[in-house]
Novice: 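Here's a structure for you.
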Number of protein chains: 2
Amino acid sequence: MAVRRNTWQREAVREALERSEGFISAQALHTELHRTGSPIGLATVYRALADLSTEGEADSLQSPEGEAIYRSCATMDHHHHLICRQCGTTAEIEATEVEAWASRVAAEHGFTEARHVVDIFGLCADCTAAAARA
Amino acid sequence: MAVRRNTWQREAVREALERSEGFISAQALHTELHRTGSPIGLATVYRALADLSTEGEADSLQSPEGEAIYRSCATMDHHHHLICRQCGTTAEIEATEVEAWASRVAAEHGFTEARHVVDIFGLCADCTAAAARA
DNA sequence: GCCGTGTTGAGAATGGTTATCATTACTGAT
DNA sequence: ATCAGTAATGATAACCATTCTCAACACGGC
Ligand SMILES: [Mn+2]
Ligand SMILES: [Mn+2]
Ligand SMILES: [Zn+2]
Ligand SMILES: [Zn+2]
């Protein structure tokens, strides 16, 4: 029995996500899909993104505004993000020192099964320049 | 000219927040206030928490479920949290090395006005012990 | 081609948060 | 203490992201 059927919708979401630059919300991705002619439903975009995230094909995190945002994973390895809060451009960053720090701090306090949230939000070079002009 | 008036509502929120153990949502704090006899309005709780957060008297962060949660700050200094995802117990932690790392990484990528989200979620010593027993 | 059932999507429902706006009540001035 | 000006409050509606519902649909094994 098939546990998962293949539909153009799933593939459309995967491709649209890969095509987009940085982190993007489900709503924004849905808008983008419609803009390029796809009649996909909003609920389906939500479902596909949740699946991609579960399968590890996409990163997801909560924006400071409380919106869930997604990004196609370049690498499956553990990593963190530097995100422009203006345009969404994202850089995947290594954080070796932080990894060590996190596990040390957790251990010092007797915590186990520790996971960390480490992300940096700022204005990218382009958006900084644009802001300076205005 | 008074820029900020003193009301029992603000103080009630501040005190209720200090009284609560770990991070708590605006809704939960409102319920708690009503439970203890305060007729404060929900909107006011939201406003007071937002103010406390702005003034640095309270920390706020997005729970993994996307709810904004708050905690009374023991120290006004910049710090981060080690949070038990089982019981909510929280420890405030210093992250000197991480501060340096964050600003260095942001600068290296041309980012400005960088803010970081650095939190560790795990199981506290007690919850770890409880889990081991079961 | 058929059938069984996983998938879709329009719209309703949910739930957290914010906006309205008439009313209330601080506060500085008189 | 009284008053006036206005910031703060709160019941409620509005907002908005996300999830749910369920009838219609379409994969895919046969
Ligand atoms: Mn890490
Ligand atoms: Mn920091
Ligand atoms: Zn940018
Ligand atoms: Zn615990």
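Because only heavy atoms are used, hydrogens play no part in the values below, and waters and symmetry mates are left out as well, while side chains stay in. All values reported here derive from a predicted model rather than from experimental measurement. Lettering of chains follows the sequences in order, A, B, ..., and the numbering in each one begins at 1.
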Novice: If you round to the nearest 0.5 Å, how far is CD of A:Glu57 from CG of A:Asp51?
Specialist: 10.0 Å
Novice: What is the distance, rounded to the nearest whole Å, between atom CG of A:Leu42 and atom C1' of D:dT19?
Specialist: 10 Å
Novice: Does a side-chain N or O from B:Arg10 land closer than 4.0 Å to OP1 or OP2 of D:dA8, or not?
Specialist: yes
Novice: Let me spell it out: for each of B:Asn6 and A:Arg47, pick the nucleotide of DNA chain C with the closest heavy atom. Which residue's pick is nearer the 5' end?
Specialist: A:Arg47
Novice: Return the 5'-most residue of the pair A:Gln62, B:Ala43 with respect to DNA chain D, ranking by each residue's nearest nucleotide.
Specialist: B:Ala43
Novice: For D:dC27, does OP1 or OP2 lie under 4.0 Å from any side-chain N or O of A:Thr7?
Specialist: no
Novice: Within the distance-only criterion (no hydrogens, no angle test), does the side chain of B:His116 pair as donor or acceptor with the backbone N or O of B:Ala102 below 3.5 angstrom?
Specialist: no
Novice: What is the distance, to the nearest angstrom, from the CD1 atom on A:Ile40 to the P atom on C:dT8?
Specialist: 7 Å
Novice: If the cut-off is 4.0 Å, is B:Gln9 near the phosphate of C:dA25, judged by side-chain N/O to OP1 or OP2?
Specialist: no
Novice: Quick one: does any side-chain atom of B:His30 pair with a main-chain N or O of B:Ile40 as donor and acceptor, under 3.5 Å?
Specialist: yes
Novice: Look at the side-chain N and O atoms of A:Thr44 and state whether any lies under 4.0 Å from the OP1 or OP2 oxygen of C:dT8.
Specialist: no
Novice: Backbone N or O of A:Leu17 within a donor-acceptor pair of the A:Ser72 side chain at under 3.5 Å?
Specialist: no
Novice: What verdict does the side chain to side chain contact (heavy atoms under 4.5 Å, CB included) test give for B:Leu29 and B:Tyr70, after you've listed the backbone C-alpha separation in whole Å, the side-chain angles of each residue and the deciding distance to 0.1 Å?
Specialist: CA-CA 9 Å; B:Leu29 196 60; B:Tyr70 300 84; over 6 Å; no
Novice: In whole angstrom, what separates A:Arg5's CZ from C:dC3's C1'?
Specialist: 10 Å
Novice: Once you round it to whole Å, what is the distance between P of C:dT5 and CZ of A:Arg4?
Specialist: 19 Å
Novice: To the nearest Å, give me how far apart CG (A:Leu33) and C1' (C:dT8) are.
Specialist: 14 Å
Novice: In this structure, how many angstroms lie between the P atom of D:dC16 and the NE2 atom of A:His30, rounded?
Specialist: 17 Å
Novice: How many Å lie between CD on B:Glu67 and C1' on D:dT18, as a whole number?
Specialist: 14 Å
Novice: I need the CZ-P distance between B:Arg14 and D:dA8, as an integer number of Å.
Specialist: 14 Å
Novice: If only side-chain N and O atoms of B:Tyr46 are considered, is one of them under 4.0 Å from the OP1 or OP2 phosphate oxygen of C:dT18?
Specialist: no
